[in-house]
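Each chain gets a letter, A, B and so on, in the order the sequences are listed, and its residues count up from 1. Everything numeric in this text was worked out from a predicted model, so none of it was measured. Just so it is clear, the values below take in all heavy atoms, side chains as well, and ignore hydrogens, waters and symmetry mates.
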There are 4 protein chains.
Amino acid sequence: MNDGNEATGQAVVSRRKDARRNQETLLNAAATVFVASGVNAPVRDIAAKAGVGVGTIYRHFPTRADLVIAVYRHQVDACAEAGPALLATGLSPHAALGQWIDLFVDFLVTKHGLAAVLRSDNSDFEALRAYFLDRLVPVCAELLEAAAVAGEIRPGIDAYELMRGVGNLCIGADSDPRYDARHMVELLIAGLRGPHR
Amino acid sequence: MNDGNEATGQAVVSRRKDARRNQETLLNAAATVFVASGVNAPVRDIAAKAGVGVGTIYRHFPTRADLVIAVYRHQVDACAEAGPALLATGLSPHAALGQWIDLFVDFLVTKHGLAAVLRSDNSDFEALRAYFLDRLVPVCAELLEAAAVAGEIRPGIDAYELMRGVGNLCIGADSDPRYDARHMVELLIAGLRGPHR
Amino acid sequence: MNDGNEATGQAVVSRRKDARRNQETLLNAAATVFVASGVNAPVRDIAAKAGVGVGTIYRHFPTRADLVIAVYRHQVDACAEAGPALLATGLSPHAALGQWIDLFVDFLVTKHGLAAVLRSDNSDFEALRAYFLDRLVPVCAELLEAAAVAGEIRPGIDAYELMRGVGNLCIGADSDPRYDARHMVELLIAGLRGPHR
Amino acid sequence: MNDGNEATGQAVVSRRKDARRNQETLLNAAATVFVASGVNAPVRDIAAKAGVGVGTIYRHFPTRADLVIAVYRHQVDACAEAGPALLATGLSPHAALGQWIDLFVDFLVTKHGLAAVLRSDNSDFEALRAYFLDRLVPVCAELLEAAAVAGEIRPGIDAYELMRGVGNLCIGADSDPRYDARHMVELLIAGLRGPHR
DNA sequence: GATGAATGAGAATTCATTCAT
DNA sequence: AATGAATGAATTCTCATTCAT
């Protein structure tokens, strides 16, 4: 990858041109710190990790929720887009739902503390929660509907509630070797099938 | 229990009574504040509610986890004792399990923020988590075993994991009108039945 | 004044008993810092001067205005009480007014920056301003009324306006050798006499 | 106005015109912001209002005082020139003085916070203060001298002190409906007449 | 010359914890 | 044993100022 800048390396990168790259650096640093210390890590820690001043973070992301959203936006979007794609593959709707939930779980359990901030008893991160739900609940609803129409699951399951449940099951999953969120999610999804008796 | 002693003995006894009553006051205050502001409420708030100095709280409960444990010990114990009792009623093991889980859920969802501190990605409250699990996991294991032996549920379910799962499902359940933890727990328990295919 | 504490001196003074003395220390420190750096001096500077932690200041004086009021309350009160006293001495009302204004000016010009925070284009310190005015305007009004009744000054002078005017004239008087607020105040008071022609 | 020059000349001229216009834009923006938020408004606010970068402001006006001076220079100059003009109208010297002071007061009270920065207990704005005084004190002195010679006012009044006094009386006059600086200035000027007794 | 991203010092404020009385 | 005053670390956020482009 020759960027025509061997001598100085990447230390003296352009400011203006690199606004985007800089932002990328910031997001990577934030992601790393979030994994290590959770999404409530001190702003200063993130700044230090990114090698920038705290002011830079505030410039780009006025609130913490802005930063967290930015960090995870791409992955949330990818997850959202995967839903219709799975449904279009010819899998049974229930199988598609299961695989989609797996993607969501994969995403959450690899982000230390992310699932925890999605819990609603937390007045910060309202915007973050809203973003997640706005993106993903409709997708989940579509999958649930398809599975219900196919008679594979009991009807009347609320997509929001299910997303919250799955999200909750993922809390702390990365830091407890005795707890495997996937097992529990598998039970939950299995429970969708059974008649309510 | 010989309390027919002299003046000094009397004093000792009443001092003890006072101490006990004082501690009771403290626990009630803490419980109230925990409900209102979560288990991370400022120590000073709890002290104020109890009408004591902060030093008094630290004397009785050196760490916050100690206090939280003390606040909920009675209820945890009651829940633990309900397990064998339910099994002895003649209910089917699976029904007993379901009712017992309901008791546990009732307990958690009425305690603002309690479920949240049970999550394992939280190095404080380790002792609290340990207490909960020490008391309840064996009971849950017993119920699961009985249900498995009766062929009512799939075998191989880990009691610890299930308790964690149920606990997680209860996080934030008190502050989100769109999320009913009981629905999700019901799904989870229903999922226990299905064959693991 | 034997306080039975010769050996240790005043270094190891009692905490509780000295709440008051401690507060005094705080107020003295604040007064000193206010003189040196104005009433907007950093809280930390005041704390350092007093030899206490910043938390101590916040405990005693939650807002800056609280602190400033406390620092000057005694002197404001003394000034307020001097008004009726002067009127009762048998001086002519105008002379009494003049002397009372002199007291007020003496107070202000010796407090670096105090007069400046009394200016109304300052949304902080509203409480401070209110305290000053509540205490002093009625006294001033009484003196003005007496002088007007005696025919010594033109009628219709508003006490609030006059206090603000005198206060304003004192701004910066301590730091400008070429400006003597007393001269200007003397002109202002002299101007009260003349008919408005 | 020969603009029939070559390409480069044209460019130079318009560059100069641009520079001047740019500066004008800057000063107008600053004046507007000063009125709205006082002369200590954040530099960024001024830059935003002017539609330029903050660097541009620093280039033209290295210190804040430089900017404030530039903003008000025209008006100060106009005020200075009005003194001799008033004296030449045939008005009595005292009347001329009164009208001139009125002009000065008009200027100050319409500039939010301007009077406040003229106070001498403020090490920033030293240059600004100096500019004001250099321009206006001699004019005031001339008017005072004329009035004293005419026997209309007591002698020995220091022009600097009077200017400072009038300036002080104007502080905060724009934000306090109960305080009318003009009333107080009128008293002050009236006080000039009376014998010093 | 203009730009505005980046910097980082500085100030406010909270609250867990200690400890003299 | 109880008290609560004191401490000060930790954190957030702002804004003047610099400087690469």
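Look at OH on A:Y58: it is 5 Å from C1' on F:dC13, rounded to the nearest Å. Taking atom CG of D:D45 as the reference point, atom C1' of F:dA16 lies 12 Å away to the nearest angstrom. Counting to the nearest Å, the C1' atom of F:dT12 and the CG atom of A:L67 are 14 Å from each other. If you measure from atom CZ of C:R44 to atom P of E:dG10, you get 12 Å, rounded to the nearest angstrom. Protein atom CD1 of D:I57 is 17 Å distant from nucleotide atom P of E:dG1, rounded to whole Å. Here F:dC13 presents its P atom at 15 Å from CZ of A:F61, a figure rounded to the nearest Å. Remark: P of F:dA10 and CG of A:N40 are 17 Å apart, rounded to the nearest angstrom. Following rounding to the nearest Å, D:I46 (CD1) and E:dG4 (P) show an atom-to-atom distance of 16 Å.
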Next on the checklist: Could you walk me through whether D:F61 and D:V68 satisfy the side chain to side chain contact (heavy atoms under 4.5 Å, CB included) test, starting with their C-alpha distance in whole Å, then the side-chain angles of each, then the deciding distance to 0.1 Å, before giving a yes or no?
Outcome noted: CA-CA 9 Å; D:F61 309 101; D:V68 180; over 6 Å; no
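Atom CG of D:L26 and atom CD1 of D:I57 lie 5.0 Å apart (nearest 0.5 Å).
Counting only N and O atoms by type, the side chains of D:N28 and D:T25 include no donor and acceptor under 3.5 Å apart.
Of the candidates E:dT13, E:dA5, F:dT11, E:dA5 carries the atom nearest the D:V54 side chain, counting heavy atoms from C-beta on. Nearest nucleotide to the side chain of A:V43, out of E:dG4, F:dG4, F:dT12: F:dT12.
Within 4.0 Å (heavy atoms only), B:R64 reaches sugar-phosphate atoms of the nucleic acid but no base atom. B:V52 comes within 4.0 angstrom of the backbone, heavy atoms only, and of no base.
Nearest-nucleotide mapping onto DNA chain F: of D:P62 and C:G51, the residue sitting toward the 5' end is C:G51. Sequence order on DNA chain E of the closest nucleotides to D:G55 and B:G55 puts D:G55 first from the 5' end.
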Checklist entry - Where does DNA chain F pair, written as one dot-bracket string 5' to 3', with Watson-Crick or G-U pairs under 3.5 Å, ( ) inside the strand, [ ] for crossing pairs and | for another strand? => result .||||||||||||||||||||
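Dashed line: the shortest gap from a side-chain N or O of A:N22 to OP1 or OP2 of E:dA5 is not under 4.0 Å. The phosphate of E:dG1 has neither OP1 nor OP2 within less than 4.0 Å of any side-chain N or O from D:H60. Contact annotation: C:T56 does not reach the phosphate of F:dA5 (side-chain N/O to OP1 or OP2, under 4.0 Å).
Scanning atom types as modelled, no donor and acceptor separated by under 3.5 angstrom connect the side chain of D:R59 and the base of F:dT18.
When all heavy atoms are compared, the tightest approach of D:A41 to D:R64 is O-NH1, 2.8 Å.
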